[in-house]
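To keep things clear, I will list the structure first and then write my remarks on it.
Since we're looking at a predicted model, the values are computed, not measured.
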Amino acid sequence: QDRAREWSTYLFVLRRVLLFGALLLGMTVILHYIGVFERLGLSFLASAGLLSVIFGIAAQRVLGDLVAGMQIGLTQPVRVGDYVVFEGEWGMVERITFTYLTIRTWDERRVVVPLQYFMSHPVQNLTKTSTQLIKPIHLYLDYQTDVEQIRRKFQELVQEDEDWDGVWSEVYVTEIQQETLEIRALCSARDPLTAWYLRFRLSEKLMAFVRELDAGAYLPQQRLLVRQDGQHRQDGVAQ
């Protein structure tokens, strides 16, 4: 499948470069055949410098996009069919043309990006080496949370879901914050789109379990400490 996406990208770009070259050659032959160059004569040569400057300025962005397209075809930082994150937009590279590429987002929008702009900005390629993707679920719970109980429930939920690929399923405490524990549950799926929806479903089910567990005792809480002298101090608000 990876090789198929590579060749698809090669052919996509090569076809457009060859088409552009053929059109340019055809226009040159036609103009030469009808004698346009001869009639223009010295006046054309006299204005060639000025025309070159005007054309260079006007075509700078277009030529830059063409060069960027050839660069994408040769180096393949992204391929047709790759899932990417570009400037906050998550989706699949659907089309690469002479001057732009199209990203189809998960909610079926189309993001059109000029190639020169695309190549000059960072992009996350989620399927550069493999289509498999691991997605995290973040929970912020009270210090008294029974993490092992959360871990067992998450394993149960993952194994019940047909979109889980059976490869990655882990639960870790990744950070101890001022008022809460950060618990990260990781699950994997065969491709980014499947992993995206798997994460949504597991997030809902895991959060429902936490709400019901011991009547919501492990949800983030505020604590008020009362001293014997009657003064009190409020520990900060949980996230």
Side-chain angles (χ1 to χ4, degrees), residues 1-27 58-138 158 161-169 184-205:
Q1 189 176 5
D2 288 342
R3 294 295 298 172
R5 291 206 308 273
E6 289 180 7
W7 281 108
S8 177
T9 303
Y10 278 132
L11 294 175
F12 222 89
V13 175
L14 180 61
R15 184 168 57 193
R16 279 154 178 75
V17 170
L18 292 177
L19 179 60
F20 178 78
L23 289 174
L24 186 62
L25 180 62
M27 290 178 61
Q60 181 179 6
R61 183 170 295 276
V62 175
L63 293 176
D65 287 332
L66 288 173
V67 172
M70 295 179 63
Q71 184 179 355
I72 289 177
L74 294 174
T75 62
Q76 294 201 351
V78 296
R79 299 162 296 184
V80 175
D82 275 345
Y83 284 87
V84 298
V85 179
F86 183 71
E87 295 192 339
E89 295 288 355
W90 183 95
M92 183 188 72
V93 177
E94 183 179 50
R95 183 178 177 84
I96 301 176
T97 69
F98 284 121
T99 57
Y100 66 87
L101 62 78
T102 303
I103 300 173
R104 187 180 71 190
T105 65
W106 69 275
D107 54 355
E108 295 299 325
R109 290 179 294 112
R110 300 300 190 275
V111 180
V112 179
V113 186
L115 295 181
Q116 190 173 10
Y117 182 85
F118 183 83
M119 291 298 293
S120 61
H121 290 76
V123 57
Q124 296 182 49
N125 189 336
L126 304 178
T127 53
K128 178 64 176 176
T129 57
S130 172
T131 59
Q132 184 194 52
L133 185 66
I134 301 172
K135 294 295 289 182
I137 299 171
H138 296 90
V158 166
D161 199 301
E162 61 182 9
D163 283 341
W164 181 52
D165 60 5
V167 177
W168 193 276
S169 172
R184 185 174 301 184
L186 304 173
C187 56
S188 61
R190 62 184 178 273
D191 60 71
L193 188 60
T194 303
W196 185 267
Y197 290 110
L198 174 64
R199 178 196 181 193
F200 287 163
R201 290 195 301 273
L202 293 180
S203 296
E204 293 176 3
K205 294 177 181 179

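Y117 and E87 form a side-chain donor-acceptor contact under 3.5 Å, judged by distance and modelled atom types alone. Between the side chains of D191 and T131, no donor N or O sits under 3.5 Å from an acceptor N or O. Between the side chains of D165 and S188, at least one donor-acceptor pair of N or O atoms lies under 3.5 Å.
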From CA spacing to verdict: side-chain contact (heavy atoms from CB on, under 4.5 Å), V123, V85: CA-CA 6 Å; V123 57; V85 179; over 6 Å; no
Using the rule given for side-chain contact (heavy atoms from CB on, under 4.5 Å), can you reason through T105 versus V111, listing the C-alpha separation, both sets of side-chain angles and the distance that settles it, and then say yes or no? CA-CA 7 Å; T105 65; V111 180; 3.7 Å; yes
Go through the steps for V80 and R95 under the test side-chain contact (heavy atoms from CB on, under 4.5 Å), then give the verdict. CA-CA 6 Å; V80 175; R95 183 178 177 84; over 6 Å; no
Verdict with supporting geometry, Q132 and V167, side-chain contact (heavy atoms from CB on, under 4.5 Å): CA-CA 9 Å; Q132 184 194 52; V167 177; 3.3 Å; yes
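Counting heavy atoms from C-beta on, the side chains of P192 and W106 never come closer than 4.5 Å. Side chains of D163 and R201 form a contact here, defined as non-hydrogen atoms less than 4.5 Å apart. Proximity of E204 to L202: side-chain heavy atoms (C-beta onward) are nowhere separated by under 4.5 Å.
Taken to the nearest 0.5 Å, the OG1 atom of T127 stands 3.5 Å off from the CG atom of D82. To the nearest 0.5 Å, atom CH2 of residue W196 and atom OH of residue Y83 are 12.0 Å apart. The distance from the CG atom of L101 to the CE atom of M119 is 10.0 Å, given to the nearest 0.5 Å. Atom CG of residue L115 and atom OG1 of residue T97 lie 6.0 Å apart, to the nearest 0.5 angstrom. In this structure, the separation between SG on C187 and CD1 on I137 is 4.5 Å, given to the nearest 0.5 Å.
The nearest pair of heavy atoms linking W164 to L198 is CA-CD2, 4.1 Å.
Among residues two or more places apart in sequence or in another chain, the salt bridge (charged side-chain N to carboxylate O under 4.0 Å, His left out) test is passed with E108 by R110. Here W168 pairs with nothing under the ring pair (Phe, Tyr, Trp, His ring centres under 6.0 Å) rule; sequence neighbours left out.
Counting only distance, with no hydrogens or angles, the side chain of S120 and the backbone of Q116 share a donor-acceptor pair below 3.5 Å. Under a 3.5 Å cut-off, the side chain of R79 and the backbone N or O of K128 do form a donor-acceptor pair. One N or O on the side chain of N125 and one on the backbone of P77 form a donor-acceptor pair closer than 3.5 Å.
The aromatic rings of F118 and F86 sit tilted relative to each other, their planes meeting at an angle between 30° and 60°.
For residues 98-107, the pairs satisfying salt bridge (charged side-chain N to carboxylate O under 4.0 Å, His left out) are E94-R104, D107-R109, with sequence neighbours left out.
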